[in-house]
K.L.:
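This structure is in structure tokens; I'll ask about it shortly.
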Amino acid sequence: MVTTRIGHILLNKSLQIDRKLPYCASNVKHYCCQVQNYEFIKVEYTGENKNVALVTLNRPKALNALCDKLMIELNDAISKFDRNDSIGAIVVTGSEKAFAAGADIKEMQNNTYAQNVRGNFLADWDGVSRASKPVIAAVNGYALGGGCELAMMCDIIYAGDKAKFGQPEIALGTIPGAGGTQRLTRVVGKSKAMEMVLTGNQITAEEAEKSGLVSKVFPADRLIAEAIKSAEKIASHSQLIVAMAKESVNTAYETTLKEGLHFEKKMFHGTFATDDRKEGMTAFVEKRPPKFNNH
């Protein structure tokens, strides 16, 4: 949850965000078509079959700091794509210089404890984590505070080779409030999470991959294309079975091994009630590509 101001402190003044379309557009422009206008995000169908949603955070002057309006728009877009049968996976990205530099401190600077409790501040920031369809975070540049937390709400994180991750809230006299102390600890372990949260130090994309926070690291100019490629692979499978697999992995992340194994077995059994399981196995036996109908 770091602020616009922190983002600017951390970044050299020479790193000015230009006002052109997001850098990723040139990589995938032959696939993309914009589907709805928002103020702080851009949304597009992409991929050869237009079955991948690309959501680009778009507050360039603020290094994509996560203001309340941006999060409302992001949750709205994710929710709509999640209900769209033509979409099989979602990619969330930012600019080449910043995925998101953090939350917008100007919006919360004068908040009181009572206001936060009464309004359940940040309670509606986790819409990304509630999506049933897989969400891939494609992180270039800075993913700090709320930006790091947003990336961790996604199911897979890919990083550009210059990406930086961190939870520097401690320098503002506060702590992470959108999952930074919880998701980070589960992903990288207690010692590494404690170090990042208590020092506020950033880690590189390479360190993030070694610690398990990031799945893969790519050159910055290939990141979006590679994320879309993985999203297309996911979207080629049954949406129903993908959602069941995602839920099962999340259960492993959130419960004990015994509970997780029980849940997995029930979900596995459940796939045998679907048309897509029958089609997948039949296609395998008949040595042909499956034709899933998401039933």
Side-chain angles (χ1 to χ4, degrees), residues 3-4 7 16-104 106-108 122-143 146-147 149-151 153-155 158 160 178 221 223-225 227-229 231-232 234-235 239:
T3 103
T4 308
Q16 297 296 321
I17 306 295
D18 58 37
R19 297 179 181 179
K20 62 185 179 181
L21 289 174
Y23 74 100
C24 63
S26 61
N27 293 337
V28 293
K29 62 184 179 183
H30 55 295
Y31 290 153
C32 290
C33 59
Q34 190 160 333
V35 295
Q36 180 172 337
N37 290 323
Y38 289 99
E39 183 178 359
F40 293 129
I41 65 173
K42 293 180 180 294
V43 292
E44 302 163 293
Y45 293 128
T46 189
E48 291 186 14
N49 297 315
K50 297 294 188 295
N51 58 356
V52 173
L54 176 64
V55 181
T56 304
L57 308 184
N58 188 39
R59 290 189 74 201
K61 292 181 180 179
L63 299 174
N64 292 331
L66 305 177
C67 64
D68 191 54
K69 179 70 177 297
L70 185 153
M71 294 305 295
I72 289 171
E73 291 182 352
L74 177 61
N75 288 343
D76 180 72
I78 295 292
S79 177
K80 287 176 178 175
F81 284 131
D82 204 33
R83 298 192 304 268
N84 187 333
D85 291 340
S86 70
I87 295 298
I90 303 164
V91 175
V92 177
T93 192
S95 70
E96 192 166 7
K97 293 187 171 59
F99 176 74
D104 194 334
K106 292 180 181 178
E107 286 193 341
M108 67 179 76
L122 300 185
D124 58 350
W125 276 44
D126 63 349
V128 173
S129 67
R130 295 195 299 269
S132 62
K133 292 177 182 176
V135 183
I136 300 174
V139 177
N140 262 326
Y142 290 89
E149 290 170 314
L150 174 58
M153 293 178 199
C154 299
D155 301 300
Y158 290 156
D221 60 355
L223 175 65
I224 304 301
I228 291 172
K229 181 179 177 181
E232 287 184 284
I234 292 169
Q239 291 183 23

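The analysis underlying the following values was restricted to heavy atoms, covering all of them including side chains, and did not include hydrogens, waters or symmetry mates. Keep in mind the model is a prediction, meaning the values are calculated, not measured.
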K.L.:
How long is the span from the OG1 atom in Thr46 to the CD1 atom in Ile90, to the nearest 0.5 Å?
P.N.:
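So the OG1 of Thr46 and the CD1 of Ile90 are separated by 13.5 Å.
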K.L.:
Identify, with sequence neighbours excluded, every residue that meets side chain to side chain contact (heavy atoms under 4.5 Å, CB included) alongside Ala151.
P.N.:
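Side chain to side chain contact (heavy atoms under 4.5 Å, CB included) check on Ala151 returns Phe99, Ala137, Val139, Ile157.
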K.L.:
For Asn51, which residues count as a side-chain hydrogen bond (donor to acceptor under 3.5 Å, both in side chains) partner, sequence neighbours excluded?
P.N.:
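Listed in chain order: nothing, the list is empty.
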K.L.:
Is it true that a side-chain atom of Lys133 and a backbone atom of Asn84 form a donor plus acceptor pair closer than 3.5 Å?
P.N.:
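Yes, the answer is positive, given that a donor and an acceptor are paired below the 3.5 Å cut-off.
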K.L.:
So, taking the atom named CD1 in Ile87 and the one named CG in Asp85, what distance separates them when rounded to the nearest 0.5 Å?
P.N.:
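These two atoms lie 10.0 Å from each other.
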K.L.:
Only counting residues at least two apart or in another chain, list the ones meeting side chain to side chain contact (heavy atoms under 4.5 Å, CB included) with Arg130.
P.N.:
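Expected list: Asp126.
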K.L.:
My understanding is that only residues two or more places apart in sequence, or in another chain, count here; which of them pass side chain to side chain contact (heavy atoms under 4.5 Å, CB included) with Lys229?
P.N.:
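So Lys229 forms a side chain to side chain contact (heavy atoms under 4.5 Å, CB included) with Glu226.
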K.L.:
Going by atom types alone, do Thr56 and Asn58 pair a side-chain donor with an acceptor below 3.5 Å?
P.N.:
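No, no side-chain donor-acceptor contact under 3.5 Å.
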K.L.:
Is there a donor-acceptor pair under 3.5 Å between the side chain of Asp104 and the backbone N or O of Ala65?
P.N.:
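Such a contact is absent between Asp104 side chain and Ala65 backbone.
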K.L.:
Give me the atom names and distance for the closest heavy-atom approach of Tyr158 to Ala227.
P.N.:
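Nearest heavy atoms, Tyr158 then Ala227: CD1-CA, 3.8 Å.
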K.L.:
With sequence neighbours excluded, tell me which residues meet salt bridge (Lys or Arg N to Asp or Glu O under 4.0 Å) with Asp155.
P.N.:
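So Asp155 forms a salt bridge (Lys or Arg N to Asp or Glu O under 4.0 Å) with Lys246.
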K.L.:
Taking Val135 as the fixed residue, which of Val91, Val55, Val92 is the one that meets the side chain to side chain contact (heavy atoms under 4.5 Å, CB included) rule?
P.N.:
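Among Val91, Val55, Val92, the one meeting side chain to side chain contact (heavy atoms under 4.5 Å, CB included) with Val135 is Val92.
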K.L.:
What's the separation between atom CD in Glu73 and atom NZ in Lys69, rounded to the nearest 0.5 Å?
P.N.:
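Interatomic distance, Glu73 CD to Lys69 NZ, rounded to 0.5 Å: 5.0 Å.
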K.L.:
Among residues at least two apart in sequence or on other chains, which ones pass side chain to side chain contact (heavy atoms under 4.5 Å, CB included) with Ile234?
P.N.:
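Side chain to side chain contact (heavy atoms under 4.5 Å, CB included) check on Ile234 returns Ala89, Pro134, Ile136, Ile156, Val242.
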K.L.:
With rounding to the nearest 0.5 Å, note down the distance linking OG in Ser129 to CG in Leu150.
P.N.:
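Atom-to-atom, Ser129:OG and Leu150:CG are 10.0 Å apart.
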K.L.:
Can you tell which of Asp76, Val43, Leu54 makes a side chain to side chain contact (heavy atoms under 4.5 Å, CB included) with Phe81?
P.N.:
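That would be Val43; it is the only one of Asp76, Val43, Leu54 passing the side chain to side chain contact (heavy atoms under 4.5 Å, CB included) with Phe81.
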K.L.:
Quick one: does Thr93's side chain get under 4.5 Å of Asn140's, heavy atoms only?
P.N.:
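No, side chains not in contact.
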K.L.:
Hey, are the side chains of Trp125 and Asn75 touching, using non-hydrogen atoms and a 4.5 Å cut-off?
P.N.:
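Not in contact.
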K.L.:
Please find the pair of heavy atoms, one from Val52 and one from Ile228, that lie closest to each other, and give the distance.
P.N.:
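Between these two residues, the closest heavy atoms are CG2-O, 4.4 Å.
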K.L.:
When you compare the side chain of Leu70 with that of Tyr38, does any pair of heavy atoms fall below 4.5 Å?
P.N.:
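No. Closest side-chain heavy atoms not under 4.5 Å.
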K.L.:
So how far is it from Leu63 CG to Lys97 NZ, rounded to the nearest 0.5 Å?
P.N.:
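These two atoms lie 9.5 Å from each other.
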K.L.:
Just verifying a value: how many Å separate Ser95 OG and Arg59 CZ, rounded to the nearest 0.5 Å?
P.N.:
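It comes to 12.5 Å.
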K.L.:
Looking at every non-hydrogen atom in both residues, tell me the closest pair between Leu66 and Ala100 and how far apart they are.
P.N.:
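Taking every non-hydrogen atom into account, CD2-CB, 3.9 Å.
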K.L.:
For residues Ala131 and Ile78, report the shortest heavy-atom separation together with the two atoms involved.
P.N.:
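Looking at all heavy atoms of both residues, the shortest contact is CB-CG2, 3.8 Å.
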K.L.:
Measure across Ile224 and Ala138 and return the closest heavy-atom pair with its distance rounded to 0.1 Å.
P.N.:
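Nearest pair, atom of Ile224 first, then Ala138: CD1-CB, 3.9 Å.
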